[in-house]
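All heavy atoms count here, side chains included; hydrogens, waters and symmetry mates do not.
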Amino acid sequence: MKAYDRALPIALLRARDATLAPFRRELDAIGLTVQQWRVIRVLAEGNPRTAGELSELCVLMPPSLSRILKTLTSAGLIARVEDEDARRRRVELTAAGFEKYSEMAGKSAEIYARLEAAFGTGRMEQLLDLLTSLRDVADALNARD
């Protein structure tokens, strides 16, 4: 067995924690969690989304997403969109939600730019490609099991 500090899940968790730290500080300052920001960021693309779509795109478990949607709705940041199919519930950002997005988007871009400059653009692209490949391999292995 590999040494604990060389175990892939631990290395991924440590990298996640380290890269999220500056985002978390900025999000805390504007009263959002990382998970809420992921939902707002996806909805800022302008397309109303169902809970299922948001769960997949934001990498959130449905029970967690339900709580997040309730919180964002209560805060007036998202609202339900009427759909021809009454069984399908979609949400979109409100004007206040777009304001929150705008408040964080520039800060987020600055954080990404600093991280990429320090790590290297080529290395960042390579890392993202490798992580995508790793996910594809793990998904394929999981599908067989």
Side-chain angles (χ1 to χ4, degrees), residues 1-81 83 88-145:
M1 208 164 151
K2 288 185 181 254
Y4 184 76
D5 66 339
R6 295 295 293 170
L8 179 61
I10 297 302
L12 290 171
L13 286 169
R14 287 185 175 151
R16 177 185 184 273
D17 287 347
T19 56
L20 274 179
F23 293 97
R24 208 173 257 123
R25 280 191 298 275
E26 294 296 337
L27 290 165
D28 285 347
I30 63 169
L32 291 174
T33 66
V34 171
Q35 295 80 7
Q36 290 168 343
W37 169 244
R38 291 197 318 240
V39 171
I40 288 171
R41 189 164 180 234
V42 166
L43 292 175
E45 294 175 356
N47 300 320
R49 299 288 188 167
T50 66
E53 292 169 332
L54 286 170
S55 180
E56 184 176 326
L57 291 167
C58 299
V59 193
L60 292 165
M61 299 298 289
S64 296
L65 179 63
S66 292
R67 285 188 299 276
I68 291 165
L69 294 178
K70 285 178 189 173
T71 301
L72 294 175
T73 300
S74 295
L77 302 177
I78 65 170
R80 185 171 175 203
V81 176
D83 196 281
R88 194 164 88 165
R89 301 177 73 144
R90 297 182 307 147
V91 295
E92 67 182 357
L93 282 184
T94 62
F98 275 109
E99 284 180 31
K100 278 283 191 193
Y101 171 77
S102 295
E103 192 175 349
M104 183 61 192
K107 295 172 185 178
S108 179
E110 288 174 17
I111 294 166
Y112 276 116
R114 282 195 320 263
L115 184 57
E116 189 171 296
F119 190 65
T121 302
R123 289 176 68 202
M124 183 66 77
E125 288 301 314
Q126 181 182 20
L127 175 62
L128 294 171
D129 290 343
L130 287 169
L131 288 171
T132 299
S133 295
L134 177 61
R135 183 187 69 215
D136 291 345
V137 167
D139 283 347
L141 289 173
N142 292 333
R144 284 194 294 187
D145 292 341

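Residues in residues 62-77 take part in these side chain to side chain donor-acceptor pair (under 3.5 Å) pairs, two or more places apart or across chains: S64-R67. Sorted pairs that involve residues 129-140 and meet salt bridge (Lys or Arg N to Asp or Glu O under 4.0 Å), not counting sequence neighbours, are lacking altogether.
Atoms CD and OG, from E103 and S108 in turn, are 13.0 Å apart once rounded to the nearest 0.5 Å. Atom CD1 of I78 sits about 10.0 Å away from atom CD of E92, to the nearest 0.5 Å. Distance CD1/I40 to OH/Y101: 11.0 Å, rounded to 0.5 Å. Between T94 atom OG1 and K100 atom NZ the span is 11.0 Å, to the nearest 0.5 Å. Within the model, atoms CG of L60 and CD of Q35 stand 6.5 Å from one another, a figure rounded to the nearest 0.5 Å. The CG atom of L72 sits 7.5 Å away from atom CG of L32, with the distance rounded to the nearest 0.5 Å.
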Can you give the donor-acceptor pairs under 3.5 Å from side chains of residues 4-31 to other protein atoms, not counting sequence neighbours?
from	atom 1	to	atom 2	distance (Å)
T19	OG1	A15	O	2.9
T19	OG1	R16	O	3.2

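Remark: R49 engages E45 in a salt bridge (Lys or Arg N to Asp or Glu O under 4.0 Å) (not counting sequence neighbours). Under the side-chain hydrogen bond (donor to acceptor under 3.5 Å, both in side chains) criterion, R90 pairs with D83, sequence neighbours left out. Not counting sequence neighbours, the partners of E116 by the side-chain hydrogen bond (donor to acceptor under 3.5 Å, both in side chains) test are T121.
Listed here is the closest heavy atom pair of W37 and A105: CH2-N, 3.9 Å.
Side chain of R38 to main chain of V59: a donor-acceptor pair is present (N/O by atom type, distance under 3.5 Å, no hydrogens or angles). With hydrogens and angles disregarded, no donor-acceptor distance shorter than 3.5 Å links the side chain of S55 to the backbone of A51.
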Go through the steps for V39 and L77 under the test side-chain contact (heavy atoms from CB on, under 4.5 Å), then give the verdict. CA-CA 11 Å; V39 171; L77 302 177; over 6 Å; no
side-chain contact (heavy atoms from CB on, under 4.5 Å) assessment of L54 paired with V91: CA-CA 9 Å; L54 286 170; V91 295; 3.7 Å; yes
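Contact of the M124 side chain with the L115 side chain is registered, since non-hydrogen atoms from C-beta on lie closer than 4.5 Å.
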